Visitor: 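Here it is, the structure, as structure tokens.
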Amino acid sequence: MNVLDKFHLDGRVVVVTGASSGLGVAFAKACADAGADIVLAARRADKLDDTADLVRALGRRALTVATDVVDPDQCNAMVAAAMNEFGHVDVLINNAGIGTAVPALRETPEQFRSVIDINLNGSYWATQACGRVMQPGSSIVNISSVIGLTTAGLPQAAYSASKAAIIGLTRDLAQQWGSRKGIRVNAIAPGFFATEMTEQYRDGYLESLSRRMVLGRTGNPIELAATVVWLASDAAGYVTGQTIAVDGGVTIA
Ligand code: NAD
């Protein structure tokens, strides 16, 4: 077999949460490029239609399901809709998330809880819902962050705690579901990629980090999507429980 065949996602059904903007759109498109049909889940159904059009333009099927990942029932309903449409779910990309920067002495309980609720708990509810129907050979890719591994000069206790927790979640589910269910669970720790999330940063913030970007620039979403496709595919068939930094070297600087 040609090794490139291992990277294909032909016939797979991939769920992408938070697929209405930013990196989620790039992940959905990349998985469709690789041959998968895509279930697009996010709160904004109108924006999901744009991503669905991108997937269909590649000749793949797309199902949009308005889903707030904070609600376990909505995650279960999203997976039920996917099963109804496609009959299987093979890959979950836990991408939905929010980024905040609030000084710790000013952060309200509501602000802290909402980040944990979306980034950590939401990933878990989506994972549980998919894990219940996934067959051996399936793959879960959790989107953590370099901020789960290091700091980057912003006050991000909630975000950093949620993204570090995703790394622990990844390890634990990998060991629970590896040999028993044949499901691989990995995480990616992205560095800095220009999206709606990074637009919230103050002017000059990304430039101020350039000293720590060993490759001298922010990332292009397709460079992250390539790692998502690899981890989703059989090319990563012996990789589980890992967190892969795709960060242009930020974590080694
Ligand atoms: P983004 O704001 O463009 O995308 C986040 C997506 O999540 C949006 O579609 C949003 O609607 C969705 N979302 C938020 N709350 C949700 C909820 N409760 N239920 C369902 N969907 C919800 O930002 P992005 O940069 O594309 O971020 C995507 C992921 O990548 C996030 O988990 C983020 O933490 C992570 N990340 C991004 C960067 C970066 O540099 N952009 C770096 C590290 C990690």
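Since the model is a prediction, treat every value here as computed from it, not as a measurement. Throughout, residue positions are numbered sequentially from 1 according to the sequence presented.
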Visitor: Rounded to the nearest 0.5 Å, how far apart are CD1 of I38 and OG1 of T64?
Guide: 13.0 Å
Visitor: Indicate every side-chain donor-acceptor pair of residues 74-82 with a distance under 3.5 Å to a residue at least two apart or in another chain.
Guide:
unit_1: Q74; atom_1: OE1; unit_2: D68; atom_2: N; d: 2.7
unit_1: Q74; atom_1: NE2; unit_2: D71; atom_2: OD2; d: 3.4
unit_1: N76; atom_1: ND2; unit_2: P72; atom_2: O; d: 3.4

Visitor: Is I188 reachable from L169 through a run of hydrophobic residues whose side-chain heavy atoms are each under 4.5 Å from the next?
Guide: no
Visitor: Please examine the side chains of N142 and V185, heavy atoms only from C-beta on, and report whether any two atoms are closer than 4.5 Å.
Guide: yes
Visitor: Would you say the side-chain atoms of R56 pair up with the backbone N or O of A62, donor to acceptor, closer than 3.5 Å?
Guide: yes
Visitor: Taking CZ in F193 as the centre, count heavy atoms belonging to other residues, nucleotides or ligands within less than 6.0 Å. Is the count above 12?
Guide: yes
Visitor: Could you measure the distance from the CG atom of L149 to the NZ atom of K163? Nearest 0.5 Å is fine.
Guide: 11.5 Å
Visitor: Could you tell me which non-hydrogen atom of S138 sits nearest to which non-hydrogen atom of Q135, and how far apart they are?
Guide: OG-O, 2.6 Å
Visitor: Please confirm whether the backbone N or O of V65 pairs with a side-chain atom of T67, one donor and one acceptor, at under 3.5 Å?
Guide: yes
Visitor: Determine whether a donor-acceptor pair (N or O, by modelled atom type, separation under 3.5 Å) exists between the side chain of D234 and the backbone of K6.
Guide: no
Visitor: Run the side chain to side chain contact (heavy atoms under 4.5 Å, CB included) check on I98 and V115 step by step: do they pass?
Guide: CA-CA 6 Å; I98 58 168; V115 175; 4.0 Å; yes
Visitor: Under a 3.5 Å distance rule, please check whether S123 uses its side chain to pair with a backbone N or O of N119 as donor and acceptor.
Guide: yes
Visitor: Check whether any side-chain heavy atom of T195 sits under 4.5 Å from a side-chain heavy atom of T198, and report yes or no.
Guide: yes
Visitor: Is the count of non-hydrogen atoms from other residues, nucleotides or ligands lying under 6.0 Å from D46 atom CG greater than 12?
Guide: yes
Visitor: So V13 and V91, do their side chains get closer than 4.5 Å, heavy atoms only?
Guide: no
Visitor: Strictly distance-based, threshold 3.5 Å: is any side-chain N or O of D37 a donor or acceptor partner for the main-chain N or O of V14?
Guide: no
Visitor: Looking only at non-hydrogen atoms, find the nearest pair between E196 and S21 and report the distance.
Guide: OE2-CB, 3.5 Å
Visitor: What are the two closest heavy atoms between A161 and I116, and how far apart are they?
Guide: CB-CD1, 4.3 Å
Visitor: Give every donor-acceptor pair under 3.5 Å between a side-chain atom in residues 101-108 and any protein atom, sequence neighbours left out.
Guide:
unit_1: T108; atom_1: OG1; unit_2: Q111; atom_2: N; d: 3.0
unit_1: T108; atom_1: OG1; unit_2: Q111; atom_2: OE1; d: 3.3

Visitor: State, yes or no, whether a side-chain contact exists between Q156 and T100 at a heavy-atom distance under 4.5 Å.
Guide: no
Visitor: Atom OG1 of T218 and atom CD of E207: how far apart are they, to the nearest 0.5 Å?
Guide: 9.0 Å
Visitor: Is a donor on one side and an acceptor on the other found under 3.5 Å between the side chain of R184 and the backbone of S233?
Guide: yes
Visitor: Please name the pair of heavy atoms, one in I147 and one in F192, separated by the smallest distance, quoted to 0.1 Å.
Guide: CD1-CZ, 4.3 Å
Visitor: What is the minimum heavy-atom distance between A126 and N94, and which atoms define it?
Guide: CB-OD1, 3.5 Å
Visitor: When you measure from the side chain of K181 to the backbone N and O of R132, does any donor-acceptor pair fall under 3.5 Å?
Guide: no
Visitor: How long is the span from the SG atom in C130 to the CH2 atom in W125, to the nearest 0.5 Å?
Guide: 14.0 Å
Visitor: Give me the atom names and distance for the closest heavy-atom approach of T17 to A96.
Guide: OG1-N, 2.9 Å
Visitor: Any side-chain heavy atom of L231 within less than 4.5 Å of one from V239?
Guide: yes
Visitor: Examine distances only and state if a side-chain atom of T51 and a backbone atom of A19 form a donor-acceptor pair shorter than 3.5 Å.
Guide: yes
Visitor: Kindly say whether V55 contributes a backbone atom to a donor-acceptor pair with the side chain of K29 at under 3.5 angstrom?
Guide: no
Visitor: Using a 3.5 Å distance criterion without hydrogens, assess whether the side chain of R12 forms a donor-acceptor pair with backbone atoms of G35.
Guide: no
Visitor: So, do I93 and V15 sit near enough that their side-chain heavy atoms are less than 4.5 Å apart?
Guide: no
